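Read the structure below first, then the notes.
The structure presented is a predicted model; accordingly, all values stated were derived computationally and were not measured.
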2 protein chains.
Amino acid sequence: MARPVEFDENKVLTNAMEQFWKEGYEASSVQKLLDCTGINRGTLYNSFGDKETFFKSCVDQYNRLSEKQIETTLGNSALQPWEAISAYFDEILVNTSNKHRGMGCLLVNSLCESVNYDKEIKKVIRSSQALVRKPLLARVKQAHKAGKVKKGISPEFATDALLNSLFGARVNARDGKNAKQLKALVDFTIAALRK
Amino acid sequence: MARPVEFDENKVLTNAMEQFWKEGYEASSVQKLLDCTGINRGTLYNSFGDKETFFKSCVDQYNRLSEKQIETTLGNSALQPWEAISAYFDEILVNTSNKHRGMGCLLVNSLCESVNYDKEIKKVIRSSQALVRKPLLARVKQAHKAGKVKKGISPEFATDALLNSLFGARVNARDGKNAKQLKALVDFTIAALRK
DNA sequence: TTCAATATTGACCCAGCATTCAAGCTGCGA
DNA sequence: TCGCAGCTTGAATGCTGGGTCAATATTGAA
């Protein structure tokens, strides 16, 4: 009945996501977003809303990427708990392009840039982080039940320690550390928790 | 011979540093910097140069703060190596105002915001991080010589692991975790390295 | 073929950005 | 007391920011 969309929504979201991921929210001007997506100014506002709304859609796109990484690792029932956890970290830190590795984590970056310091976006970031924490905690609990976690460490704390190590690694990734160095850092944390 | 300066340079730098620390480089407009420092537009440009130069001066101010924290902890020869290291982390994560804790680390934030993604400021940030790494490494080496580091762990790696944990904690601090939770995270890393 | 519905386009808006500068002010040396 | 070096001031500048909109294009249905 009406004119169909011409742009590829997935490509637009992916390109814009990478722009935000690399340079952050504030430094990503609408003009830069238009350049990297190839769409027109009006099209952006018409189809994706204002900059903040568009950013949230890009975070959703990032979460979809995240979920894929989780599915094949933490969500792979063929893997033992610690193998799954290790595979997940490998997926993020090792089996990724140098480009993506060097950009760190969009959620960590956004938290540190503090997009609109005390506004709504912070909530989005937090709930996105839960997407990782939940399946990670599930695996740690599994390991815990199997007696594969060092004594005196609760599954919740072990999960926090793993995430803390991962956050650090992703800051270090942005600082230029290579895959091997980053892997060594998270492997050390795993070794400290695992029995 | 001429009119003397009226503003307190130290206060100006401290206030501006906190503005950059809290909201990042891009979101800290010159107007916001004028508001929080109380100086005039022309005065800023006359006495501190442009925004980028001013930002670097604020990073210097942050480094001075950092050096003070290092002096009384890592630099305190009355303390044993691990006690000094632990005291340093306490100083950053526990013995600090809720306000400052919640802002994380200016250097980590800047790295994640990626101020001018591939420009000169990144160098400033990196050399500033060396200010912490050097005395920390010295203490770890001391512990290593005294046989107080777990077998098979080099002082360099142990230092990187500590810094990784600290980076993670400062991201988590920005996410709202409290002093106790943050301390538990770095303490866990220390315990994993210490013998 | 016509028309309603929606997508696309880029010129346009103005608020806010970083930066400059000419004029005014202040206090010390002469 | 006067002159002037140099700090202070805020209006002015040009540019870029995010956001709007009327005109145009493209489709399917009638």
Side-chain angles (χ1 to χ4, degrees), chain A residues 1-59 110 113-122 124, chain B residues 1-13 15-59 110 113-121 124:
Chain A
M1 191 140 86
R3 187 175 173 178
V5 277
E6 279 175 14
F7 60 86
D8 178 336
E9 186 178 352
N10 195 54
K11 272 190 183 170
V12 166
L13 285 173
T14 299
N15 289 345
M17 173 195 76
E18 294 200 330
Q19 169 62 40
F20 281 127
W21 190 357
K22 184 179 171 193
E23 298 194 20
Y25 182 83
E26 297 289 344
S28 294
S29 65
V30 171
Q31 191 53 57
K32 280 186 185 173
L33 295 167
L34 299 180
D35 291 346
C36 76
T37 57
I39 60 173
N40 188 278
R41 205 171 193 81
T43 303
L44 198 164
Y45 280 89
N46 210 36
S47 305
F48 299 97
D50 65 9
K51 192 184 168 185
E52 191 170 320
T53 307
F54 190 37
F55 176 75
K56 286 184 201 163
S57 302
C58 290
V59 171
S110 301
E113 182 187 4
S114 210
V115 183
N116 299 342
Y117 197 74
D118 32 14
K119 275 195 192 164
E120 200 201 341
I121 288 188
K122 214 160 187 175
V124 178
Chain B
M1 194 139 87
R3 186 174 173 180
V5 273
E6 281 177 11
F7 60 86
D8 178 337
E9 186 178 352
N10 194 54
K11 272 191 184 169
V12 167
L13 286 174
N15 289 345
M17 174 194 76
E18 294 200 330
Q19 170 61 41
F20 280 127
W21 190 357
K22 183 178 170 193
E23 298 195 19
Y25 181 84
E26 297 290 344
S28 295
S29 66
V30 171
Q31 190 53 54
K32 280 186 184 174
L33 294 167
L34 299 179
D35 292 346
C36 76
T37 57
I39 60 174
N40 188 276
R41 209 167 193 82
T43 302
L44 197 164
Y45 280 89
N46 212 34
S47 305
F48 298 98
D50 64 9
K51 189 183 169 184
E52 191 170 322
T53 308
F54 190 38
F55 176 74
K56 286 183 201 165
S57 302
C58 290
V59 171
S110 300
E113 182 186 5
S114 212
V115 183
N116 299 343
Y117 196 72
D118 33 14
K119 275 194 193 164
E120 201 202 343
I121 288 187
V124 178

* B/N40 side chain N/O closer than 4.0 Å to the phosphate oxygens (OP1, OP2) of D/dT8? -> no
* Structure fact -> Closest of D/dT8, C/dA18, D/dG18 to the A/Y45 side chain is D/dG18
* Can you figure out which of D/dG19, C/dT9, C/dT19 approaches the side chain of A/R41 most closely? => D/dG19
* **Test item: side-chain donor near acceptor, A/N46 and A/T43, under 3.5 Å** => no
* Structure fact -> Shortest non-hydrogen pair, A/L33 vs A/T37, comes out as O-OG1, 2.6 Å
* Asked: Expressed in angstrom and rounded to an integer, what is the separation of A/L33 atom CG from D/dT16 atom P?
  -> 17 Å
* Asked: Which nucleotide in the set C/dT8, D/dT8, D/dG19 lies at the smallest distance from any side-chain heavy atom of A/K51?
  -> D/dG19
* Considering only D/dG19, C/dT19, C/dT8, which nucleotide approaches the side chain of A/D50 most closely? -> D/dG19
* Assign B/F7 to base, sugar-phosphate, or nothing according to its heavy-atom contacts below 4.0 angstrom with the strands shown. => sugar-phosphate
* side chain to side chain donor-acceptor pair (under 3.5 Å), paired with B/S28, selected from B/K22, B/Q19, B/E23, B/K51 -> B/Q19
* When the distance from CD1 of B/I39 to P of D/dT9 is rounded to whole Å, what number comes out? -> 10 Å
* Structure fact -> Of D/dT8, C/dA18, C/dT8, the nucleotide closest to the side chain of B/S47 is D/dT8
* Asked: Is the backbone N or O of B/G24 less than 3.5 Å from a side-chain atom of A/E113, with the two atoms forming a donor-acceptor pair by type?
  -> no
* **Integer-rounded Å distance: C/dA5 C1' and A/R3 CZ** => 12 Å
* Asked: Does C/dG16 have OP1 or OP2 sitting under 4.0 Å from an N or O in the side chain of B/S29?
  -> no
* Given atom CG of A/L44 and atom P of D/dC21, what is their separation to the nearest angstrom? -> 16 Å
* To do: Would you mind telling me which of D/dG17, D/dT27, C/dT8 lies closest to the side-chain atoms of A/Q31?
  => D/dG17
